[in-house]
Number of protein chains: 2
Amino acid sequence: MRSTEPDPYQRGCPSRRLLDRIGDRWTVLVILTLREGPRRFSEIRRRIDGVSQKMLTQTLRALERDGLVTRTVHPEVPPRVVYELTALGRSLIGPLDGLLGWATANLPEVEDAQEGYDRELLRTPR
Amino acid sequence: MRSTEPDPYQRGCPSRRLLDRIGDRWTVLVILTLREGPRRFSEIRRRIDGVSQKMLTQTLRALERDGLVTRTVHPEVPPRVVYELTALGRSLIGPLDGLLGWATANLPEVEDAQEGYDRELLRTPR
DNA sequence: CGGCATCCATATTGATACTG
DNA sequence: CAGTATCAATATGGATGCCG
């Protein structure tokens with residue numbers, strides 16, 4: 001049996017393209033931040049611990065290019081730039097929540113497994 | 001209103017820890033490969049286009065450490081090493097499928113958005 | 001076969017300085 | 001405020017060779 005293996009994961013397949021997009025350290029966090037509503041650049045920056053201004057700019061540009069986020073410049077002084085999820089961006093929240101829920105429920109078990117693994121390594125160094 | 005912003009995404013929060021684990025280029029693809037059943041090292045390697053032996057080894061070790069994958073060495077010559085998802089690992093498949101489904105359904109729209117964005121940049125180079 | 005060690009090119013990121 | 005530009009540090013990944 002087992003006649004039908006699915007296709008291998010080729011470079012351009014949906015899984016790969018998705019991972020290339022949201023598989024970096026900041027993209028998902030920005031989307032989750034914007035789920036609360038439109039936010040200014042500095043607000044987003046404050047809510048994501050450790051993101052540099054450069055990385056946040058890059059991430060937001062990529063999200064805008066992907067059609068997941070809109071960028072609105074209010075012509076004032078000082079400038080005010082507001083980012084907001086598009087409908088497409090919001091549609092990603094459900095699936096992301098699925099993963100987040102898994103993380104909340106199962107990360108403790110993952111970390112237990114890590115401890116066990118590391119302890120075993122110490123006992124049998126090689 | 002809007003009294004209650006959720007906590008910011010601190011460095012050690014579940015979202016961050018999850019992304020640190022599965023946010024790399026290969027982890028998700030390995031899990032999806034193993035969903036079909038136990039597989040040998042070389043089988044996995046063949047099914048993921050472009051993964052080097054070094055990266056696959058690293059990824060499998062991390063997954064084993066996380067308790068998501070078991071590694072079984074069959075003491076034969078030549079050696080045969082079989083990897084298999086644990087129950088914990090299998091529990092991650094549902095959430096991952098959610099994301100994959102989103103990708104399949106919406107990546108075309110994302111790529112349209114990119115084209116539009118890039119075309120606009122060409123028109124107004126700066 | 002599976003996998004470790006090494007070397008090396010390149011990508012990613014952070015820090016800093018500067019601008020409209 | 002919200003960027004851009006530049007440089008330096010680091011992380012990542014691939015290629016190769018060797019081993020049980």
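These numbers come from a predicted model, not from an experiment. Lettering follows sequence order; numbering is per chain, from 1.
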Looking at [options], which one has an atom nearest to any side-chain atom of [X]?
X	options	answer
Trp26(B)	dG14(D), dC4(C), dC1(C)	dG14(D)
Pro79(A)	dC7(D), dC1(C), dG20(C)	dG20(C)
Ser42(B)	dG14(C), dC1(C), dG14(D)	dC1(C)
Lys54(A)	dC7(D), dA2(D), dC1(C)	dC7(D)
Thr57(B)	dC7(C), dC4(C), dA2(D)	dC4(C)

Tell me: [atom1] of [X] to [atom2] of [N], nearest whole Å?
X	N	atom1	atom2	value
Arg39(B)	dC1(C)	CZ	P	18 Å
Ile48(A)	dT13(C)	CD1	P	13 Å
Arg11(A)	dG13(D)	CZ	P	13 Å
Arg25(A)	dT12(D)	CZ	P	7 Å
Gln58(B)	dG2(C)	CD	C1'	15 Å
His74(B)	dG20(D)	NE2	C1'	18 Å
Leu29(A)	dT13(C)	CG	P	12 Å
Asp24(B)	dG13(D)	CG	C1'	12 Å

Is it the case that the side chain of Arg35(A) and the backbone of Leu85(A) share a donor-acceptor pair, with hydrogens and angles ignored and the cut-off at 3.5 Å? no
Between Pro78(A) and Met55(B), whichever has its closest DNA chain D nucleotide further toward 5' is Pro78(A)
The residue, Gly50(B) or Val81(A), whose nearest nucleotide of DNA chain D is more 5′ is Val81(A)
- Answer yes or no: does a side-chain N or O of Arg71(A) lie under 4.0 Å from OP1 or OP2 of dA2(D)? no
Whether Arg40(B) contacts dG2(C) is assessed here as follows: a side-chain N or O lying under 4.0 Å from the phosphate OP1 or OP2. Is that the case? yes
| Any ion pair linking Glu84(B) and Arg39(B) (charged N to carboxylate O, less than 4.0 Å)? | no
Verify the cluster assignment for Val51(A) and Val82(A): are they in a single hydrophobic cluster under the rule of side-chain heavy atoms below 4.5 Å apart?
no
> Are Leu19(A) and Leu29(B) close enough, and set up right, to give a side-chain contact (heavy atoms from CB on, under 4.5 Å), and what steps lead you there?
Replying inline: CA-CA 9 Å; Leu19(A) 291 167; Leu29(B) 297 175; 4.0 Å; yes
Test salt bridge (charged side-chain N to carboxylate O under 4.0 Å, His left out), reference Glu111(A), set Arg65(B), Arg21(B), Arg17(B), output is Arg17(B)
Over all strands shown, is Arg45(A) touching base, sugar-phosphate only, or nothing at heavy-atom distances under 4.0 angstrom? nothing
Between Ser52(A) and Phe41(B), the residue closer to the 5' end of DNA chain C by nearest nucleotide is Phe41(B)
